[in-house]
Amino acid sequence: MSSFISIAKVGELTDGTMKEVKVQGHEFLLAMAGGKYYVADGRCLHMGGRLAQGKLEGTVVTCPLHGSQFDLKDGHVSRWLRGSGVLSATIKVLKGSKQLGVYKVKVEGDSILAEI
Ligand code: FES
């Protein structure tokens, strides 16, 4: 059963930035884009790259290791690995149905809460 848990304080992030937060032994990515907060699993679906160390463009985060991209709005894979070779194309087909876990977020007072 999920419940809303405080994961950070308002003001810890500025728009267009992200950070890793550890809650209950699990690593999450907290990002702020367009004035809105997003919470997702902190590790890449490919080989566990730390997404908070990647790049945030709008709501799309790019993994720092091999360039996979995930849209934080719903967790869908925008790009599976960078590159366009046959191996990359094959992997994209095999992994295309994966989705990054994303969580509902709300702000209460000065706390950012995620439904985990
Ligand atoms: S670990 Fe993220 S793309 Fe490989």
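No experiment lies behind these values; they were computed from the predicted model shown. Heavy-atom basis, side chains included; hydrogens, waters and symmetry copies ignored. Both counts, for ligands and for their atoms, begin at 1 and track the order of listing.
- Legend: salt bridge (Lys or Arg N to Asp or Glu O under 4.0 Å) pairs involving residues 1-11, not counting sequence neighbours, sorted by first then second residue: K9-D110.
- The heavy-atom pair separating G48 from R43 by the smallest distance is O-NH1, 2.8 Å.
- If you look at atom 4 (Fe) of ligand 1, the protein N, O or S atoms less than 2.8 Å from it are H46 ND1, H66 ND1.
- In terms of modelled atom types and a separation under 3.5 Å, the side chain of S2 and the main chain of I116 share no donor-acceptor contact.
- The shortest distance between side-chain heavy atoms of V105 and E115 does not fall below 4.5 Å.
- T59 and D71 share a donor-acceptor pair across their side chains, judged by distance under 3.5 Å alone.
- For the pair K106 and F4, the distance from NZ or CZ to the six-membered ring centre is under 6.0 Å and the angle to the ring normal is within 45 degrees.
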